[in-house]
Amino acid sequence: MAEKKEDINNAQGARSDYKAPHRNNPEGAGRRRAGKTPKRSDAAKQAAPQPKKAKQVPSQKTAAQKSAAPQKKSEKAPSSAGKTRRKRSGSDAAKTAAVKAAPAKAPAAQQKTAPQKVAAAPKASRQRGRKAQAAGSGKLRIIPLGGLNEIGKNMTVLEYGDDIVVLDCGMDFPSEEMLGIDTVIPDFTYLADHSEKLRGVIITHGHEDHIGAVPYLLKQFSVPIYGTALTLGFIKHKLDEHKIKGDLRTIVPGDRLSLGCFDIEAVHTTHSVADSLAYSIDTPVGRIFHTGDFEVDYTPVDGGPIDLARLAAIGSEGVLLLMADSTNAARKGYTPSEKNVGISLGNIFRSISGRIIIATFSSNVHRVQKIVDIAVGTGRKVAISGRSMENMVDIASDLGYLNIPANTLVDLKKIKNVNDSELVVITTGSQGEPMSALARMASGEHRDVKIRPGDTVVLSSSPVPGNEKSVSNVVNALISLGARVIYNDIAETHVSGHACEEELKLIHTLIRPKFFMPVHGEVKHLMAHQEIAKSLGMDEKKIVRAVNGSVIELSENKVSVLKETVPAGDVLVDGYGIGDVGSAVLNERKYLSEAGLVIIAASFDRVSGDILSGPEIITRGFVYVKDQGKLLEDAKILVEETLMFALDEGKHDRNALRDLLRSKLRSFIFENTGRSPIILPVLMDC
């Protein structure tokens, strides 16, 4: 499966003293050291309370147990949110208890703009997943609001008693039928109806289909957002574009946080974007493990491999439900390592003497880093093209995830001063998006990059399903301009970031869940993942197949999909409008695009009712006026005669006149052209 659609935006923490948890360079400019686990900053360590031994009193609860006990709604008091601790192996009794999350409806003055590192929680004994048992019904509700039977718009609600935690908040790109729509986001109706329960949002990684709807969520709810530094950097930039602030709280792999009755552990995974997480979530009914989007890459180009040791330990401790990425479930074998792409790109760069233009996903920090490294190694300068790519480079460089040596970057406007054999242009547009930088190069409309013979264009990506035609059109246009185009069918210029069949089998074997729910994929992907689970011996009755809006009820011994559903359709964003464009408007737009528009314009004397001007006929998207002058002139005569006759008969009602004109002109046009455009009479009184 090709990579998902991405257009990652820039972000940077407002705290001048903030450093990314993965940064090991004193100036923060270097990349993370491969294979090393990121550590908290010294400031965070000093802020963490020192562990205290709990005083044991016979027949009384410990302080930690009292704090975990359920309270009535009216008795709930605000508490510090999002405190975390580092992961510790061993029994559940040795794990630390984290404090309750802050209420979702925090005062606006408390909102923070910059990603804030979460402090460590004091150590205390706790009972895993039991501390709020009495507050709920004994059953956990899982409600997917997006990400099932589709690629994109990932969002899942976990609800128990008086607590709700949201996992991811993504968007989708509009289909071809959604004319004029900018973005598609999940329906937040269920959250709005239960906003007092909302404790926090945990994010797996920084792709648009997992973070793209966060700004729209924060416009409705005041809720903390938890994620890694790079992920929150992307989110902050999006919030800046929307001119809103958010309470962004940074976590690293191994951290724990407590949100209501949910105890959550972040686990390091590998994906096509850096800083990706899976989550182990202890609930009052048992443990849920959510993989996020992932691949099992044993040799990632940056950072350590997926934390298989911790996954095995979690599986040994017991997992009630596994929710796992299904995007590549229908693919046999293993997903190749990102290192393979680096080798292939290195061979391409060394074999080319002319200018190189390479298009890839702007969110793929590892890929961009590898391209920069190869460019430097072959004596080339690097220019960046495309707003989302420029934003990503700024974010990743500031946070220490991207290391570009001094004097390597060159302004795109000054590439004419660089020899073709010494230049690489990294650009957006790998999916053939009409307004992307690469598409504008292919059409000759790019201001700074003009394609010419001798150029080599490398597509370091694979087409997202549905984009094949657009990508093909761009490739053909580039070839027509004299460029040589290299894509994944010719050389290994791209690998997926999602696990294939054998990797999914490994995860199932390590986690050993009692129940399983495939997520993140179209119907064919979810069904393929279901078959994988069955092949490993899981009873089909223990596999959950749901759709967006389903309500899944989970207890210690049973999982079921209820007849109850919640609103989970597509909410369309058109400019500043959110959800105000529905199927009726889309149908009208589709009709307009297919048949065109004919406008009848006339003005009348307000007193006498006589025609002062017109009628005039104006067309848009109907016929080419110069070729159909006779048709439009006859139509104008018909409209004028119809109006005069109606006025002579004493018909002055404007609505009646509009209906009459519409009927007469529609019949005339259909008889002469076989078409049925939209007819809009505009009658004005002066």
Side-chain angles (χ1 to χ4, degrees), residues 172-184 432-435 439-440 443 445 466 469-470 473 569-606 609-649 651-686:
D172 196 6
F173 291 95
S175 63
E176 293 181 356
E177 293 76 22
M178 298 178 180
L179 301 173
I181 300 303
D182 301 318
T183 302
V184 182
E433 303 95 323
M435 297 305 295
R440 285 184 282 119
S443 63
E445 297 176 356
K469 184 62 177 176
S470 298
N473 289 340
D570 292 338
V571 175
L572 309 181
V573 178
D574 185 0
Y576 294 117
I578 303 174
D580 57 350
V581 175
S583 58
V585 174
L586 287 180
N587 287 337
E588 289 179 355
R589 291 181 179 181
K590 188 171 183 293
Y591 190 23
L592 279 168
S593 69
E594 293 173 346
L597 173 67
V598 176
I599 300 173
I600 304 170
S603 60
F604 299 83
D605 186 282
R606 188 183 300 275
D610 295 335
I611 298 176
L612 294 179
S613 64
E616 297 292 335
I617 293 182
I618 305 167
T619 68
R620 290 293 182 270
F622 171 52
V623 293
Y624 186 52
V625 176
K626 291 184 178 179
D627 291 343
Q628 296 292 337
K630 177 74 166 54
L631 173 69
L632 296 180
E633 187 62 33
D634 291 345
K636 180 179 179 180
I637 293 172
L638 172 66
V639 168
E640 186 173 1
E641 291 177 348
T642 301
L643 272 178
M644 296 299 295
F645 182 79
L647 294 175
D648 290 344
E649 293 289 320
K651 298 178 180 178
H652 296 282
D653 181 76
R654 295 294 177 255
N655 289 331
L657 287 175
R658 291 188 184 95
D659 291 341
L660 178 62
L661 290 173
R662 192 179 291 113
S663 175
K664 290 285 188 182
L665 188 56
R666 181 183 292 115
S667 298
F668 173 80
I669 290 176
F670 186 80
E671 289 175 2
N672 287 274
T673 66
R675 305 176 188 177
S676 298
I678 292 178
I679 298 174
L680 180 63
V682 180
L683 307 181
M684 299 172 290
D685 291 317
C686 301

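Annotation: the span from Leu680 atom CG to Arg662 atom CZ amounts to 7.0 Å, rounded to 0.5 Å. Between atom OG of residue Ser470 and atom CD of residue Glu433 there is a gap of 8.5 Å, rounded to the nearest 0.5 Å. Atom-to-atom distance recorded for Ser667:OG and Asn672:CG is 11.0 Å, nearest 0.5 angstrom. Distance check, rounded to the nearest 0.5 Å: CG of Asn655 to CG of Leu660 gives 12.5 Å. Considering NZ of Lys664 and CD of Glu641, their distance stands at 10.5 Å, rounded to 0.5 Å. Within the model, atoms CD1 of Ile618 and CG of Leu597 stand 9.0 Å from one another, a figure rounded to the nearest 0.5 Å.
The salt bridge (Lys or Arg N to Asp or Glu O under 4.0 Å) check on Glu616 picks up Lys636, with sequence neighbours excluded. The side chain to side chain contact (heavy atoms under 4.5 Å, CB included) test applied to Leu665 returns Val598, Ile600, Ala635, Val639, Phe668, Ile669, Ile679, not counting sequence neighbours.
Ala439 and Pro434 make their closest contact through CB-O, 3.5 Å (heavy atoms, listed as atom of the first residue, atom of the second, distance).
Between Leu657 and Leu683 there is a side-chain heavy-atom pair separated by less than 4.5 Å. Put simply, the side chain of Thr619 reaches to within 4.5 Å of the side chain of Leu632, judged on heavy atoms.
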Original post:
Given the rule in the side chain to side chain contact (heavy atoms under 4.5 Å, CB included) test, do Leu572 and Val184 qualify, once you have shown the distances and angles that lead to the verdict?
Top reply: CA-CA 5 Å; Leu572 309 181; Val184 182; 3.9 Å; yes
Subject >> Val682 and Ile599: CA distance, side-chain angles, deciding distance, side chain to side chain contact (heavy atoms under 4.5 Å, CB included) verdict >> reply: CA-CA 7 Å; Val682 180; Ile599 300 173; 3.9 Å; yes
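The main-chain N or O of Asp659 is never found under 3.5 Å from a side-chain atom of Ser663 such that the two would form a donor-acceptor pair.
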